[in-house]
Amino acid sequence: MVNTLSVSERVAQLRESLARHNHAYYVLDAPTIPDAEYDRLFAELQSLEQAHPELLSADSPTQRVGGAPIPELVPVRHAVPMLSIRTETDTTEQGVFNFDTRVRNALGLVADDGPIEYLGELKFDGLAISLRYERGLLVRAATRGDGETGEDVTHNVRTIRQIPLKLGGHPPGLIEIRGEIYMRRDRFEALNQAQRERGEKIFVNPRNAAAGAVRQLDPRISARRPLSFFAYGIGDYAGFDLPETQAGLLDAMGAFGVPVCEHRVVAEGPQGLVAFHAHIAGLRNTLPYDIDGVVYKVNRVSLQRTLGFVSREPRWAVAHKYPAQEELTELIDIEIQVGRTGALTPVARLRPVFVGGVTVTNATLHNEDEIRRKGLLIGDQVIVRRAGDVIPEVVAPVVERRTGAERSFVMPAACPVCGSHAVRAEDEAVTRCTGGLFCPAQRKQALLHFASRRAMDIEGLGDRLVEQLVDGAIVKTPADLYRLGILALANLERMGERSAANLLAAIEKSRHTTLARFIFALGIRNVGETTARDLARHFGNLDALMTADEGALQEVRDVGPVVARSIVEFLSEAHNREVIEQLRAAGVQWDESESLAPASDRLAGLTLVLTGTLPSLSREEAKAMIESHGGKVSGSVSKKTDYVVAGSDAGSKLAKAEALGVKVVDEAGLLVLLGESPETAQNNTE
Ligand code: IVH
């Protein structure tokens with residue numbers, strides 16, 4: 001028989017172990033046990049607590065799930081005010097020296113006095129929060145508010161897994177940990193995608209999404225918004241041995257199990273901060289979360305005390321910002337672009353605006369539903385965002401700026417390029433031109449795709465050339481490319497005899513290809529590079545593929561009813577079959593045994609891990625390429641990993657690789673490993 005004491009012991013043991021695994025998973029990003037094992041321990045704790053309600057306590061991991069909604073947010077007075085920091089207006093490196101000069105002058109130092117020690121941190125773009133821990137237990141979480149009085153958001157903050165309900169190590173009697181709640185960019189994208197699918201409101205940026213989640217009245221909603229946290233300071237405390245430096249304070253908070261950002265530097269004098277500023281500027285796009293700058297702080301707490309405050313801002317800290325990732329501009333017009341499969345895509349024409357380090361003049365609006373969901377009108381002032389390496393996006397109109405002259409966008413009923421009917425299938429968001437290859441826009445895109453590097457790889461056949469070839473009715477189908485003569489080409493604009501000859505040579509060279517590339521080059525809807533390769537492997541030759549029905553096609557790995565239907569539809573079109581015949585007649589050929597063999601064994605015995613977004617290859621494509629060269633792709637980094645291929649927004653896997661000393665390459669580096677020089681790896685545009 002189990003007595004109460006041993007039940008309470010077991011409960012304590014389970015709570016301690018779940019908190020430890022939680023910390024490893026959410027803070028260290030290094031899971032210690034399989035999810036199923038965690039779930040089992042969790043379920044055991046839950047059932048013990050249910051059977052012994054007297055043992056329930058607020059710091060139990062079972063108490064994170066959102067409780068009942070509250071009627072309103074209650075004001076909280078901060079025992080120690082939450083101040084803000086001054087922003088250095090000079091965004092160049094001079095800004096660092098301005099700060100150093102101000103600090104030195106305030107301390108009455110002269111040149112001979114030696115450098116001041118600073119700490120460089122990131123300036124997280126989220127919302128400030130104060131977490132009050134008494135005897136190690138989280139008792140209250142409050143927003144900054146006006147700095148004196150914030151709002152009690154404990155009910156929501158308890159749902160954030162990165163925030164410990166109970167501090168680890170040897171927590172003091174009282175400590176208020178201050179920091180920033182933020183949302184990672186990938187989580188933000190996923191949240192918006194889910195909102196879109198449910199037809200709900202789209203969030204403007206991760207900061208707004210995070211702030212909205214924290215201020216929810218219903219913690220169950222908040223619990224579904226994936227939030228993170230970094231600590232950067234403290235408020236009230238008692239029984240705490242205050243470290244002598246800001247760096248020491250961060251370490252102490254880390255030791256309590258609170259997330260502290262790894263990107264920080266201790267610098268002797270301003271020079272090290274200049275380097276930090278530049279280093280982080282280079283890193284900014286690859287960080288998984290938004291920052292709007294860096295923060296410099298005088299490291300010694302005693303010096304911070306001496307420096308004190310001016311007009312409620314500390315003299316010992318400053319924010320040094322990077323160029324904004326969001327700007328305001330005018331939505332001049334919405335134009336329609338026609339894609340390879342006939343999709344009519346609305347594109348925003350914008351008054352040029354410098355944002356996120358580039359000048360943006362247009363941005364895709366995806367489809368008409370998206371325009372409606374965002375409530376955009378032509379002529380609106382809009383917020384344009386470009387964070388990380390992601391493509392620029394029109395996020396929202398500024399409704400207050402409307403003059404009444406704005407007008408709504410209407411999807412055209414006909415293709416603006418060829419005049420064919422435009423139709424929107426009931427279950428689709430996209431409107432399509434029905435013109436097929438009759439439509440010059442579709443023809444151009446189809447040719448560009450056919451010639452692209454991973455399809456037939458015809459070097460030099462780019463946008464402008466295709467434009468001229470199609471507009472001049474010189475080329476109608478891909479097969480026409482193989483009939484081109486030097487005369488027809490040399491007469492084109494900006495085309496000398498020499499480049500004409502080079503192009504012909506490239507076309508000639510492309511006659512010898514592989515079945516997989518050929519299938520991919522056809523541009524069948526829903527057939528990407530990986531599917532094309534699977535089809536080539538499965539059927540071995542083109543005739544077998546051309547006679548396969550939907551059932552036979554679905555026997556191919558990863559081919560479902562939608563893909564099978566696309567293939568059958570494409571191959572049952574007489575003009576598509578004709579183009580295929582003409583291509584074969586023009587001498588396009590491949591070695592049939594080749595489709596079964598790996599492309600090379602360059603990567604034989606090597607294990608690679610992919611992380612982040614690569615600039616041109618999709619995850620699938622990169623995986624297929626690695627495998628076709630005999631390599632293995634694994635989902636997690638270990639000492640046995642040979643290479644980590646990192647793109648933008650690479651997160652914990654990259655950090656782990658660096659920690660383990662595993663070699664890290666980017667996409668260009670991967671192509672070198674595969675024996676493709678990055679020069680030829682660029683897209684086929686002029
Ligand atoms: S220190 C007394 N450090 O920026 C100094 N703030 O205006 C208090 N922030 O409201 C702030 N990253 O929300 C500090 N590493 C960092 C920060 C940071 C972001 C935010 C914070 C504050 C605002 C400053």
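For ligands, and for the atoms within them, numbers begin at 1 and follow the listed sequence. Numbering starts at 1 and runs along the sequence shown. Just so you know, these numbers use all the heavy atoms, side chains as well, and skip hydrogens, waters and symmetry mates. Note that this is a predicted model, so its numbers are computed, not measured.
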> Do Y232 and E180 get their side chains close enough for a donor-acceptor pair, meaning under 3.5 Å?
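Side chains of Y232 and E180: pair found under 3.5 Å.
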
> Do you know which two heavy atoms are closest between S222 and A213, and how far apart they sit?
OG-O, 3.1 Å

> Is R215 salt-bridged to E151, cutoff N-O under 4.0 Å?
yes

> Under 4.0 Å from ligand 1, counting heavy atoms only, is it the side chain of E121, its backbone, both or neither?
side chain

> Is the contact between K297 and ligand 1 made by the side chain, the backbone, both, or neither, using heavy atoms and a 4.0 Å cut-off?
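Looking at K297 and ligand 1, just side chain atoms fall under 4.0 Å.
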
> Checking side-chain polar atoms at under 3.5 Å, does Q63 have a donor or acceptor matched by the opposite partner on D59?
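Absent: no donor and acceptor within the cut-off.
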
> Indicate, as side chain, backbone, both or neither, the part of L122 found under 4.0 angstrom from ligand 1 when only non-hydrogen atoms are considered.
backbone

> Answer yes if the ring centres of Y118 and F99 are under 6.0 angstrom apart, and no otherwise.
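Under 6.0 Å, so yes.
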
> Just so I know, are the side chains of E121 and Y296 near enough to count as touching, which here means a heavy-atom distance under 4.5 Å?
no

> Considering heavy atoms of the protein only, find what lies nearest to atom 20 (C) of ligand 1 and give residue, atom and distance to 0.1 Å.
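Its nearest protein heavy-atom neighbour is E180 OE1, 3.5 Å.
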
> Nearest protein heavy-atom contact for atom 11 (C) of ligand 1: which residue, which atom, what distance?
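Looking only at protein heavy atoms, the one closest to atom 11 (C) of ligand 1 is Y232 CE1, 3.9 Å.
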
> Can you check whether F124 has an N/O within less than 3.5 Å of an N/O in ligand 1?
yes

> To the nearest 0.1 Å, how far is atom 4 (O) of ligand 1 from its closest protein heavy atom, and which atom is that?
K123 NZ, 3.2 Å

> Does this structure show an ion pair linking R402 with D380, if we count only N-O contacts that are shorter than 4.0 Å?
yes

> For P314, which part has a heavy atom under 4.0 Å from ligand 1: side chain, backbone, both, or neither?
side chain

> Quick one: does I85 get an N or O within less than 3.5 Å of an N or O on ligand 1?
yes

> Below 4.0 angstrom from a heavy atom of L83, which ligand 1 atoms are there? Numbered from 1 as shown, please.
8 (C)

